[in-house]
Amino acid sequence: MPRKGILIDRPYERLTRKQVELIHQASMQILTDPGLISFNREAVDILHSHGAVVESIAGDHQSWKVKIPEQLVLSAMDSAPKTVKLGARNPDNTLIMNGDEPRVYLITGSETNIWLDVDFPTYVNKADSTKEIRVPEFKPRRGTVDDLCQSAHACEHLEMVDGYIRTVNIQDRDITEDNKDVNKFFASLNNNTKHFMSGLTSLKQLDNVVRMAELIAGGKKALKDNPIISFITCLVKSPLQFVDDTTSTFIEVCRRGLPIVVSSSPQAGTTAPIKEAGIMAQINAEVLAGITLGQLVKPGTPVLYGSVPVRARMDTLGDSYGSVETSQYNIDCVQMAHFYGLPNYSTSGVCDSKIPGQQSSIERLFSDIVVTMSGPQFLHCAFGLLDCNSVFCLLQAVLDDAHFKMIKFFLRQPRIDQMELEAMLKQIREVVATPQKLYIGHIRPLLRSGEISGLYPFEGSGETDEVFELAYERMKELLAKPVEHIDKKTTARIFEEIPGILPRLNIYERES
Amino acid sequence: MPEDIISLIQENIIQGRMTKDDEGIDEEMVGQPGVTELIEKGLASGLSIKDIITKGLSGGMNIVGQKFEAGEYFIPDMLASAQAVGAAMEILEPYLAGSGVNVKGKIIVATVKDDLHDIGKNIVSILLRGAGYTVKDLGNNVDIQVIVDAVREEKPQFLGLSALLTSTMACMADVIQRLEENGLRDQVKIIVGGAPVSEEFAKSIGADGYGADGFQAVAVVEALGSDTGS
């Protein structure tokens with residue numbers, strides 16, 4: 001049984017059908033004029049052999065202008081699967097994404113450099129030393145492989161997390177470009193039984209991580225049937241450029257038939273027009289170009305329409321994920337993916353705030369609610385992320401989980417039909433006839449059925465705000481729960497066959 | 001067998017099932033006798049009134065209270081159990097004299113003049129009945145003279161006054177003053193409650209007690225009752 005996610009009854013749409021079609025037409029025009037610039041030769045050759053017009057730029061032999069005809073794009077859309085299965089170590093955590101069904105799965109990520117520790121020092125009132133308060137203090141530091149294990153462990157137990165994208169970049173001294181991929185894959189897969197998605201640091205490690213997944217899944221065919229890993233590549237650099245190394249990675253992943261996200265992340269105002277029509281026409285063209293390339297490499301490659309549009313901050317020209325336009329762009333992208341019948345990878349919950357607090361809660365909840373309502377199948381909802389994706393805080397992830405429970409409850413389908421209304425009319429007549437006129441007695445059948453939403457889980461007992469302290473306690477509870485690690489025999493084979501995994505990650509060797 | 005009926009009464013108090021039609025908490029109890037049917041059965045079997053009340057009703061309510069304290073029960077559960085106790089006490093009332101059971105006393109409750117908000121007062125009434133008090137509810141928007149007349153005629157040990165509005169809470173002071181003018185103030189302990197009411201306000205108008213919520217209201221009445229021997 002796959003995970004249920006959140007099935008949106010009537011998705012929120014910003015765009016009319018006419019506007020969606022206009023964006024599609026504009027994107028088709030962009031792909032031929034001005035077209036894309038590719039810094040990857042192989043992509044150029046593949047596209048050229050299928051009818052794209054290619055010309056070398058200024059004879060440098062390192063970049064080419066590529067014009068992709070509409071028919072090539074439309075035929076790629078036809079061969080791209082409309083349903084994508086993302087498997088999991090625990091089959092109960094499988095995700096089934098259908099481009100026509102607005103069932104939202106919530107996924108963590110993405111990779112941050114900074115891990116934010118939290119402590120609760122006690123402060124004494126200068127004017128009255130009998131008065132003390134505990135205040136959260138956040139301390140940033142470089143992320144490590146132990147942090148990644150801890151994050152994967154906690155996310156295994158966060159109820160609303162449907163899948164796992166690594167949340168922290170591992171920067172230990174013994175981690176190099178050559179062993180980073182195998183360690184981040186193993187640390188994540190060994191501490192989490194949900195679907196795992198990641199980018200690749202080095203293409204040279206692709207076969208090692210695929211082999212690792214085969215060993216865990218039970219072989220090549222087992223991995224094909226139950227793809228416990230998938231990949232995300234930003235092969236497009238906005239505006240409209242295929243990057244050399246990530247495009248190579250993308251092509252190789254497609255050849256192996258594993259699910260992949262074609263992701264584009266233009267910034268409105270700098271690398272895309274600030275106006276909604278402009279960024280939408282461009283990002284759609286960029287994603288379609290990537291999907292087209294993938295389907296030409298291997299028709300039927302399971303692909304997600306990945307969109308991470310963002311607006312620029314006007315004070316720094318950095319990303320402003322907390323801006324409301326960012327949510328608008330994301331919702332538009334969900335509609336575009338739906339137009340093509342493809343599952344969509346969308347983004348919410350990323351905030352500008354540097355630490356957990358009121359700003360963080362407001363920014364992330366705003367986008368979490370509205371983007372979820374639009375019905376993306378794969379919602380990268382930035383559990384625990386702060387400071388525009390550069391900081392991860394486990395405490396924030398615990399808070400996000402609680403907030404998504406509320407969102408899920410809010411988005412339940414209304415139960416209003418003739419039978420229900422007849423029952424309610426009977427109840428109203430009965431209660432109005434009683435001397436006390438209270439409906440309280442009718443609450444009880446619903447109290448324990450899950451039909452009544454719970455209290456905010458981090459509500460304090462007094463008048464002080466205890467949210468962080470209570471969430472911290474919850475975080476410790478989650479980390480104290482056991483995790484189903486990869487079994488001993490498979491772990492031994494992985495360490496035998498896959499070079500570069502840190503010995504300290506072998507829990508069985510550690511135990512002995 | 002008699003012990004079985006007592007146990008069933010206690011169990012149905014815990015389930016909050018007043019009659020056989022009530023669902024309770026556990027599934028599939030609909031159709032089985034509830035508290036009122038069991039009380040009738042117990043009376044027909046010649047069960048001791050004292051045992052029914054102390055072991056069956058109070059015993060059940062004690063467990064309900066423990067479950068509420070433990071977070072296992074919610075207020076609707078408490079109220080359902082209290083309502084079942086109240087219904088049981090109505091049936092048992094004619095048998096109380098000479099039963100050896102200490103009658104807890106009578107309380108008149110009312111939402112004061114010009115105030116139509118009576119949810120809190122109704123909940124307090126249910127809880128008081130569940131705690132074994134005889135409750136006479138005068139309703140809402142009750143004229144001062146109606147309250148004074150009821151105190152004179154019913155001779156309750158307690159009077160509970162409720163108001164939700166800052167504009168109507170002052171009427172509580174008027175009721176107390178009118179009771180004094182009629183020489184009735186010393187006959188009755190007065191407790192007040194409602195959203196805008198506070199401990200300080202209660203003291204300022206000369207009330208005997210203040211209940212911040214339904215449970216506290218019962219506790220205050222119990223405390224005042226033990227002071228007076230009611």
Side-chain angles (χ1 to χ4, degrees), chain A residues 159 398 401-402 405-406 409 412 415 419-467 469-478 480-481, chain B residues 12-19 21-30 34-35 64 67-69 71-87 90 109-111 116-130 135-142 162 214:
Chain A
E159 191 182 321
V398 172
D401 194 64
K405 272 186 203 155
M406 294 162 73
F409 195 95
R412 293 185 324 161
R415 187 182 161 190
M419 190 185 288
E420 184 80 346
L421 283 169
E422 280 170 15
M424 289 302 102
L425 288 175
K426 182 169 177 280
Q427 187 180 112
I428 290 165
R429 287 172 186 136
E430 279 174 9
V431 169
V432 169
T434 63
Q436 288 159 336
K437 301 182 174 29
L438 290 174
Y439 291 90
I440 297 169
H442 294 281
I443 297 175
R444 298 186 78 220
L446 308 183
L447 262 180
R448 293 163 182 84
S449 68
E451 287 189 67
I452 298 175
S453 66
L455 291 173
Y456 186 63
F458 308 122
E459 182 180 271
S461 52
E463 298 203 347
T464 54
D465 188 328
E466 296 170 31
V467 170
E469 286 185 71
L470 293 170
Y472 185 68
E473 291 305 313
R474 176 71 182 142
M475 184 185 102
K476 287 196 292 187
E477 282 172 22
L478 296 178
K481 287 185 175 184
Chain B
N12 278 276
I13 291 294
I14 295 167
Q15 290 280 336
R17 294 186 66 243
M18 193 192 303
T19 71
D21 296 326
D22 290 337
E23 291 183 356
I25 288 175
D26 294 340
E27 289 176 6
E28 297 170 359
M29 289 197 76
V30 176
V35 169
V64 169
K67 285 176 179 285
F68 182 72
E69 290 295 324
E72 189 184 335
Y73 269 28
F74 301 94
I75 285 182
D77 300 317
M78 287 282 278
L79 290 174
S81 298
Q83 272 184 314
V85 171
E90 270 183 36
V109 295
T111 301
L116 301 172
H117 304 88
D118 61 356
I119 295 174
K121 180 261 298 171
N122 290 344
I123 290 172
V124 169
S125 298
I126 293 169
L127 291 172
L128 285 167
R129 283 196 181 100
V135 179
K136 184 169 178 66
D137 187 346
L138 300 182
N140 60 56
N141 188 20
V142 183
S162 162

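Residue numbers start from 1 in every chain, and the chains themselves are labelled A, B, ... in the order their sequence lines are given, proteins ahead of strands. Bear in mind that the values here come from a model prediction, so they are computed numbers and not experimental data.
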> Using the six-membered ring of F409(A), assess whether NZ or CZ of R412(A) lies under 6.0 Å from its centre and within 45 degrees of the ring axis.
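Ring-cation test returns yes.
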
> Report the residues that fulfil side chain to side chain contact (heavy atoms under 4.5 Å, CB included) with E159(A), sequence neighbours left out, ordered by chain and then residue number.
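Applying side chain to side chain contact (heavy atoms under 4.5 Å, CB included) to E159(A) gives D401(A), K405(A).
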
> Work out which heavy atom in I126(B) is nearest to a heavy atom in A82(B); give both atom names and the distance.
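Scanning both residues, the minimum pair turns out to be O-CB, 3.5 Å.
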
> Is the number of heavy atoms from other residues, nucleotides or ligands under 6.0 Å of I25(B) CD1 greater than 12?
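For I25(B), atom CD1 is crowded (more than 12 foreign heavy atoms under 6.0 Å).
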
> Check G214(B) against V124(B) and note the closest heavy-atom contact, atom names and distance.
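For G214(B) and V124(B), the tightest heavy-atom pair comes out as CA-CG2, 3.9 Å.
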
> No hydrogens needed, just list the donor-acceptor pairs between chain A and chain B under 3.5 Å.
unit_1  : atom_1 : unit_2  : atom_2 : d
Q436(A) : O      : N122(B) : ND2    : 2.9
R444(A) : NE     : D77(B)  : OD1    : 3.0
R444(A) : NH1    : Q15(B)  : O      : 2.9
R444(A) : NH2    : Q15(B)  : O      : 2.9
R444(A) : NH2    : D77(B)  : OD1    : 3.4
R448(A) : NH1    : D77(B)  : OD1    : 3.4
R448(A) : NH2    : E72(B)  : O      : 3.2
R448(A) : NH2    : D77(B)  : OD2    : 2.7

> Using heavy-atom distances under 4.5 Å, tell me whether I443(A) contacts chain B through its side chain, its backbone, both, or neither.
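Only the side chain of I443(A) comes within 4.5 Å of chain B.
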
> Please tell me if the side chains of E469(A) and F458(A) come closer than 4.5 Å, counting only heavy atoms from C-beta onward.
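No, too far: nothing below the 4.5 Å cut-off.
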
